[in-house]
Amino acid sequence: MEEAIYEIRIAGQLEPHWAAWFADMEVRQTALNQTILYGTITDQSALHGVLEKIRDLGLTLLSVNRLNAPQDGSTMHP
Amino acid sequence: MVTLLQTKLYIPPQPTEFVPRPHLLQKLNAAFAPTTSLTLTLISAPAGFGKSSLVAEWIQHMKAHAAQLDLSPSTSHFSPAWLSLEADDNDPYRFLAYLVAALQTIPSLAAAKIGVGVQTMLQSSQPPTPLMTLTILLNDLHSANTAVPILIVLDDYHCIKTPAIHEAVTFLLEHAPAALHLVLISRTDPPLPLARLRARRQMIEIRAADLRFTEAETAVFFNEIMGLNLAATDITALAQRTEGWITGVQLAAISLQGRADIGSFVQAFTGSHRFILDYLVEEVLQTQPAIIQQFLLQTAVLEQLHGPLCDAVVGMEDWHLETNTDPSPIPPSPSLSGTQILAELERVNLFIVPLDDERRWYRYHHLFADLLRARLQQLHPELIPTLHRRAAAWYAEAGYRAQAVHHALTGSDFEYAAQLIEQVGIDLTARGELGTLQTWLHALPDTLLRERPWLSIYASWASFLTGQIETMIHHLQTAAAAVPAVDTVETRSMRGHIAALRASLAIQNREMEHVTTLCQEALNLLPADDLLVRSFMTFTLGGIYMLMDQLELAQEMFVRASQLGLTSDNISIAIPSMCARSQILMANGRLHDAFALLQQALTTGQRAGERPYPIAANVYKYLANIYYEWNDLENALHYAQLCVDLAQQWQNIDVLLPGFFTLAQVTYTLYEDKDAVHALIQQAADSTLERYLSPETMLYYHMNRAQLHLALGELAAANQWTNTQAIQRDLPITYLSEQVFITLAQIYLARTDYTEADHVLIRLRKAAEANGRFGSLITIDILQAQSAQMQGRLDQAQNHLLNALEGAEQEGYIRQFLDWGAPMAVLLRRIPDTSPVSPYAHKLLRQFSPDPDTDAENLPHTLAQTPLDALSEREMEVLRLIAQGYSNQDIAEALVVTVGTVKSHTNHIYSKLGVRTRTQAIAEGRSRGLL
């Protein structure tokens, strides 16, 4: 129940190379001068770890959305 | 060896040139405005907003301008305490140790030895709870009563995640002396009661919006500080792009240095939507030579930077700077050492923070370090474990074991980490840094704990000492299974620890029959130099022998345990051992030996600092008991009071309760003030509310209470104890139960139940004689004399008294005789002059209240001058008896008159003295010199 896909929206355009830093989440730039971190997060403490990294880089957090839990618990990348 | 602790306490230096921010300084200055109730300043903003720099600037400003500012004149001695926190500081004990160390950097507090006692307590094997420790520290601060403001800065407070530490900080804020002000620098709002502090206007807040550079400040920075001479339009563009974010402004300025095409840089930068850090760090790094770039990325794994450490970590292998470009190894360039590079980085202002005045240790600015680490992970993820391992090896070699463990764990070199933890496990256990130890052990794979018995042994101790018995048992089983079957010094030592753990578990489960065997097994197996566990086992054995009434063996164990404790500076074993020894000595009638030992215990307990150890409370109590017996009531009162104060502070109920009763007894003998005594009984009763009392503590509590009621002449209340308590009268009388039977005998005597009294006294005598408890025999002889006297068998009474006097003379027993009052005086007067104890009997007689005949001659003049108010001789006699605590019934019996007559006397006394109560009569009698 804990593992889920999250979509984390931050202000500014982050380069794709930050993926490794953010627990291998996908880094997608949007047209609105924003960046979306997209991917599976194991549990709540992993989520807070990602949020802490966003905080520690001085990035502006815009939203955090939990999308859906993967059907079989395996990592899922669309 | 430089302790890394000092680097954590170092106040970051302020660059010689910086943007002055008077509006923020003014806001901060309110902290020390006269009559302020502000206790907290919270600087809460994301990374890179110049939070620490602002506070550092403020501190310099305060130091420089204290005299001119409209602050208290004492601010001229302004010297703050600074503590930079890290993720590793989440152990409450470690945090407190650092906090104390930080406070001691303040000269006035160091001079007053603030926290020295706490520091030693924290290093002891059984440190008090964090909140208790903090209480002691706060009491120290309160008693220092400093007029100088105490400023404590906790930097990077967001690293703290442990609720116990947040609790401690909240407690600090709520109980701090007015002179103390706390500054918290954090990237997130800390989980403290901020709303309450805000509502009470006790908090100054500086947040991101306050910290952003204004356009004017941005201009000052670019043009005046960095000397870049930018055009106003460029400034505006840069201010907008960076949004006044200071790190962005600084990075932009560094990128601009030495550039000819300023305009095009500004245009490219402000036109880009890229993450500002990505953009600027790339710019900054590209301006650096390859060797510096490599250095920056590889040393980014380090928390602290030190020349030789960097040399050990930075390697040449497989190194290229960009993933996309062709691998182009950097040409070896051995000409620059780590120390030189660090100096160069500081010179060019490349986000490096010195951690000491000698420029031996540095760290990267946290945000910069994160960026470098992210880049390292992008470019060379495979290299990271290697870098950590190199760091671990260097730290281990240099003797910084905790840092070595940190890097070994981060570098996933678990074998090496395990090896290091094995070396420091016992020290961490002894210092009570169990949180750290448990975090480390938890980070290791389970297989290692199964393969390496020491790790399970430490895990088991840590669980036991933190009260996690289930986990303790689990680790204990793992450890027992892991010890190899061979018999070596090491496996014996392991088995010794396992036996000691099982003994501890048996005590916990109250399976006393196993404890002796297990303790002895542990002592046989443990090496001679394992003082910590040996002393613990020896002390435990002493306690068990005491329970089994084998006092000689117990005495032997306590002697050994106190020696082991003293040798290893383990006061929490040494002092209780000395207390137990002196307790046995007192029972044996060796008051002077007991006294000497207690004095030694007292010196040991106070040696470390101004403030005595919590366990010293017991020492105070026994000293009070001995002084009382010697009829040195002033000292008895002093020590009884110290005992109660200390035990109260530590909420140590097992010492507090007997302490209250000792204090009550002394107070009563000194002042004969029943109200005061009842107030103390009430306090004792209150302190038992909602507390767990062990069966032993409960028994002694009610017994002590009964004794006191007896002394106050409240027989009914005393008698209640014999009825309500499940006292097993037929149990064997042992050292530990003796006092219960003595109290019973006293109550039987008071209610003239001679058969019961004599029966118990004969049993008491047999037990005491069989075990050589000569001190107890004195008490028993006095009680037997009393019983015989009450039954009219005066010769028998005299024989018992002669026995008692014989035993009492050498060790100076006095109070036991005096407390019996007038009937004792009668018996003492009957002692023939020819008896060898006659001089001592006379000595005792002289210590009774002077008799009325001699008193009459010494009547003070005041009496003659106010004849109308003068008390008659009979009234004086009654007043004296009142002052001795006699009830009307007692007085009637003593003077052989009716209670009605006594009441009429007391009424006359009250009206002549102009008082309404007995207590007031005593006080007035004293002030008129009648008593």
Side-chain angles (χ1 to χ4, degrees), chain A residues 2-66 73-77, chain B residues 44-51 87 156 158-161 186-189 208-209 211-212 241-251 271-282 300 322-324 364-384:
Chain A
E2 287 208 51
E3 188 173 275
I5 295 175
Y6 281 87
E7 186 191 77
I8 302 172
R9 197 175 285 261
I10 47 189
Q13 292 194 346
L14 218 53
E15 317 264 300
H17 74 75
W18 283 99
W21 190 248
F22 287 109
D24 279 329
M25 292 178 88
E26 208 178 304
V27 178
R28 297 178 184 165
Q29 298 186 351
T30 73
L32 293 161
N33 193 17
Q34 295 173 352
T35 304
I36 289 170
L37 300 178
Y38 179 92
T40 308
I41 288 181
T42 335
D43 55 18
Q44 286 296 302
S45 62
L47 172 64
H48 283 283
V50 171
L51 296 180
E52 225 167 80
K53 281 187 169 169
I54 291 171
R55 175 199 76 185
D56 287 344
L57 287 174
L59 292 164
T60 305
L61 177 66
L62 298 175
S63 69
V64 180
N65 284 318
R66 187 171 131 141
S74 65
T75 322
M76 199 178 78
H77 282 289
Chain B
S44 183
F49 269 96
K51 300 182 290 293
D156 291 326
H158 56 264
C159 292
I160 298 299
K161 310 261 158 77
S186 181
R187 288 179 181 178
T188 38
D189 282 8
L211 288 163
R212 287 184 201 281
R241 172 72 163 107
T242 57
E243 296 174 86
W245 186 45
I246 293 173
T247 301
V249 173
Q250 282 174 327
L251 282 167
S272 158
H273 288 302
R274 280 181 70 194
F275 177 36
I276 186 166
L277 281 178
D278 273 340
Y279 191 97
L280 290 173
V281 167
E282 211 171 282
E322 289 297 337
T323 36
N324 299 332
Y364 290 120
H365 190 285
H366 293 307
L367 179 59
F368 190 61
D370 271 351
L371 289 165
L372 293 175
R373 281 173 206 156
R375 256 188 124 71
L376 176 66
Q377 196 168 42
Q378 179 203 351
L379 297 174
H380 286 282
E382 78 292 346
L383 196 58
I384 295 173

When B:P46, B:P381, B:A374 are compared by non-hydrogen pairs under 4.5 Å with chain A, the top option
B:A374

Check side chain to side chain contact (heavy atoms under 4.5 Å, CB included) between A:D43 and all other residues, then give those that pass, not counting sequence neighbours.
A:E2, A:S45, A:A46

NE2 of B:H366 to CG of A:D56: how many Å apart, nearest 0.5 Å?
9.5 Å

Heavy atoms only: give me the nearest B:K161-A:E52 pair and the separation to one decimal.
NZ-OE1, 3.2 Å

Can you tell me how far apart CH2 (A:W18) and CD (B:Q377) are? Round to the nearest 0.5 Å.
10.0 Å

In this structure, CG of A:L32 is separated from NE2 of B:H273 (nearest 0.5 Å) by 10.5 Å

Roughly how far apart are B:Q378 CD and A:W21 CH2, rounded to 0.5 Å?
12.0 Å

Between the CD1 atom in A:I10 and the CZ atom in B:F275, the distance rounded to the nearest 0.5 Å is 7.5 Å

Using non-hydrogen atoms and a 4.5 Å limit, figure out which bit of B:D278 sits close to chain A: side chain, backbone, both or neither.
side chain

Could you pull out the closest heavy-atom pair between A:L57 and B:L367, with the gap in Å?
CA-CD1, 3.6 Å

What part of A:N33 gets within 4.5 angstrom of chain B, counting heavy atoms only: side chain, backbone, both, or neither?
side chain

